[in-house]
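The structure presented is a predicted model; accordingly, all values stated were derived computationally and were not measured. Numbers here are sequence positions counted from 1.
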Amino acid sequence: MIYITGDCHGDYRRFNKEIFSEQREMTKDDYVIICGDFGYWDQSNEQQYWLKWLDNKSYTTLWIDGNHENYDLLSECEISEWKGGKVNFICPSVIHLMRGQVFELEGKRFFTFGGAQSHDIQGGILEKTDPDFAKKRRILDQQWMPYRINHFSWWKEEMPCPEEYQEGIQNFEKVNWNVDYIITHCCASSTQATISAGDFEPDELTTYLEMVHSKCDYRKWFFGHYHGNKAVNDKEILLYEQIIRIA
């Protein structure tokens, strides 16, 4: 069995047995996939508690990264090969699926590409080393202006590097641009325009995914990021709190 859901932001209450009762019939050979913003933030006791809680579930948790992960921590994780693609084993059964990979699960091909551009940073990116950091932060707080702090609440690695884009293309070519499922955090530019009524501008990643959208043969495309549950069309599905079975 394979289930899929959207952003968690470190809140995993939807996986309680009372809510997600299907897990009673699942084993470690069954999977729940999270479409980015898993919530891999720090090494606090709270983080370790929830990772252990997920690792003790009957199933295996898989996740792609979003624009709300600690990429300094992720960069320290060992890279392993698993089910045909590159992963980070956060715990034995909590696994980060890296960008531009093709995995085979239960006889189905999954292409994964995490990351997204943060939209809620109208106040900019602050640097803790800036002598005026406290003053700037105080002013932004008083103005209720959203901002991020570099290497604390924002990382430039939320957007892919050229090597990740290229690796995705190379892995697509190995399977003749044919997969069963595409799992991303944001989506193709045209899809983003549809679901946001033009509120979000295309960026480098959505443009790349637009190329994938036009070139790849796939059955379903699942993505998160936009905080909603919606079938955009018969192939593209936006997920947030909803958990659905796909295999």
Side-chain angles (χ1 to χ4, degrees), residues 2 4-7 31-38 40 60-90 94-118 155-192 202-226 235-239 246-247:
I2 302 176
I4 191 163
T5 188
D7 310 19
Y31 307 100
V32 173
I33 304 174
I34 299 169
C35 294
D37 282 355
F38 169 78
Y40 190 59
T60 296
T61 300
L62 309 176
W63 58 280
I64 63 169
D65 50 273
N67 56 305
H68 293 294
E69 319 290 356
N70 185 328
Y71 285 96
D72 291 333
L73 281 181
L74 269 179
S75 69
E76 297 173 0
C77 297
E78 181 180 350
I79 298 175
S80 303
E81 292 282 337
W82 182 80
K83 302 290 185 181
K86 295 178 182 178
V87 301
N88 304 123
F89 282 94
I90 308 303
V94 179
I95 306 172
H96 170 231
L97 309 178
M98 297 183 70
R99 298 171 180 173
Q101 306 302 305
V102 175
F103 299 93
E104 185 165 321
L105 305 173
E106 297 190 3
K108 304 291 191 300
R109 286 177 182 160
F110 290 75
F111 175 78
T112 60
F113 210 103
Q117 187 172 63
S118 294
W155 287 261
K156 65 180 178 59
E157 290 84 2
E158 68 176 25
M159 290 291 281
C161 65
E163 291 77 15
E164 289 171 322
Y165 288 127
Q166 186 59 36
E167 186 166 6
I169 292 173
Q170 291 171 346
N171 284 326
F172 263 134
E173 290 175 344
K174 292 177 183 178
V175 295
N176 297 314
W177 291 86
N178 188 312
V179 297
D180 294 287
Y181 299 103
I182 295 176
I183 313 296
T184 59
H185 188 49
C186 62
C187 59
S189 297
S190 59
T191 307
Q192 179 177 257
D203 56 47
E204 185 180 73
L205 178 51
T206 65
T207 300
Y208 176 84
L209 296 176
E210 186 67 33
M211 177 272 294
V212 172
H213 184 271
S214 63
K215 192 169 184 177
C216 182
D217 183 17
Y218 64 92
R219 289 175 54 193
K220 297 287 184 182
W221 185 326
F222 298 96
F223 61 98
H225 189 46
Y226 305 94
K235 297 181 72 173
E236 296 173 276
I237 300 173
L238 165 63
L239 290 173
I246 62 174

message: Test side chain to side chain contact (heavy atoms under 4.5 Å, CB included) on K220 and I246; report intermediate values, then the result.
response: CA-CA 9 Å; K220 297 287 184 182; I246 62 174; over 6 Å; no

message: Considering only residues two or more places apart or on different chains, which pairs with a residue in residues 99-110 satisfy salt bridge (Lys or Arg N to Asp or Glu O under 4.0 Å)?
response: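 Salt bridge (Lys or Arg N to Asp or Glu O under 4.0 Å) check on residues 99-110 returns D65-R99, R99-E164.
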
- request: Among residues two or more places apart or on two chains, list those pairs meeting salt bridge (Lys or Arg N to Asp or Glu O under 4.0 Å) that have a residue in residues 203-217.
  value: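 Checked against salt bridge (Lys or Arg N to Asp or Glu O under 4.0 Å) - neighbours excluded - no pair reaches residues 203-217.
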
Distance, nearest 0.5 Å, that separates [atom1] of [X] from [atom2] of [Y]:
{"X": "C186", "Y": "Q192", "atom1": "SG", "atom2": "CD", "value": "7.0 Å"}
{"X": "D180", "Y": "R219", "atom1": "CG", "atom2": "CZ", "value": "5.5 Å"}
{"X": "L105", "Y": "L97", "atom1": "CG", "atom2": "CG", "value": "7.5 Å"}
{"X": "I237", "Y": "C187", "atom1": "CD1", "atom2": "SG", "value": "13.0 Å"}
{"X": "I95", "Y": "T61", "atom1": "CD1", "atom2": "OG1", "value": "9.0 Å"}

- request: Using the ring pair (Phe, Tyr, Trp, His ring centres under 6.0 Å) rule, pick out the option among F89, F38, W63 that qualifies with H96.
  value: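 Only one of F89, F38, W63 forms a ring pair (Phe, Tyr, Trp, His ring centres under 6.0 Å) with H96, namely W63.
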
Measuring only between side-chain heavy atoms, which start at C-beta, is [X] closer than 4.5 Å to [Y]?
{"X": "F110", "Y": "I33", "value": "yes"}
{"X": "Y40", "Y": "C77", "value": "yes"}
{"X": "Y208", "Y": "I169", "value": "yes"}
{"X": "F103", "Y": "V87", "value": "yes"}
{"X": "T112", "Y": "L62", "value": "no"}
{"X": "C216", "Y": "F111", "value": "no"}
{"X": "D7", "Y": "H185", "value": "yes"}
{"X": "I182", "Y": "F113", "value": "no"}

Once side chain to side chain contact (heavy atoms under 4.5 Å, CB included) is applied, do any residues pair with [X], and if so which ones, sequence neighbours excluded?
{"X": "C35", "result": "I4, I183, F222"}
{"X": "E81", "result": "K86"}
{"X": "N171", "result": "Q101, V102, E167, K174"}

Looking only at heavy atoms, what is the nearest atom pair of [X] and [Y], with distance?
{"X": "T207", "Y": "S189", "result": "N-OG, 3.4 Å"}
{"X": "N67", "Y": "S118", "result": "ND2-OG, 3.0 Å"}
{"X": "W155", "Y": "E69", "result": "CE3-O, 3.1 Å"}
{"X": "P160", "Y": "G114", "result": "CG-O, 4.3 Å"}

task: Indicate yes or no for a side-chain donor-acceptor contact from N70 to the backbone of D72 under 3.5 Å, with no hydrogens or angles considered.
output: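 Judged by distance alone, yes, a pair lies under 3.5 Å.
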
task: Mark yes or no for whether T184, through its side chain, and F223, through its backbone, hold a donor-acceptor pair below 3.5 Å.
output: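 Flag not set: sc T184 to bb F223 has no pair under 3.5 Å.
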
message: Among residues at least two apart in sequence or on other chains, which ones pass ring pair (Phe, Tyr, Trp, His ring centres under 6.0 Å) with Y71?
response: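 Y71 satisfies ring pair (Phe, Tyr, Trp, His ring centres under 6.0 Å) with no residue once adjacent residues are dropped.
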
query: Please walk me through it: do T191 and W221 pass side chain to side chain contact (heavy atoms under 4.5 Å, CB included)?
result: CA-CA 11 Å; T191 307; W221 185 326; over 6 Å; no

- prompt: Should the ring pair Y31 and W82 be called parallel, tilted or perpendicular, given that the plane angle runs from 0 to 90° and is split at 30 and 60?
  reply: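 Plane angle over 60°, so perpendicular.
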
message: Taking atom CD as the centre, does E173 end up with more than 12 heavy-atom neighbours from other residues, nucleotides or ligands that are less than 6.0 angstrom away?
response: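 Result for CD/E173: enclosed.
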
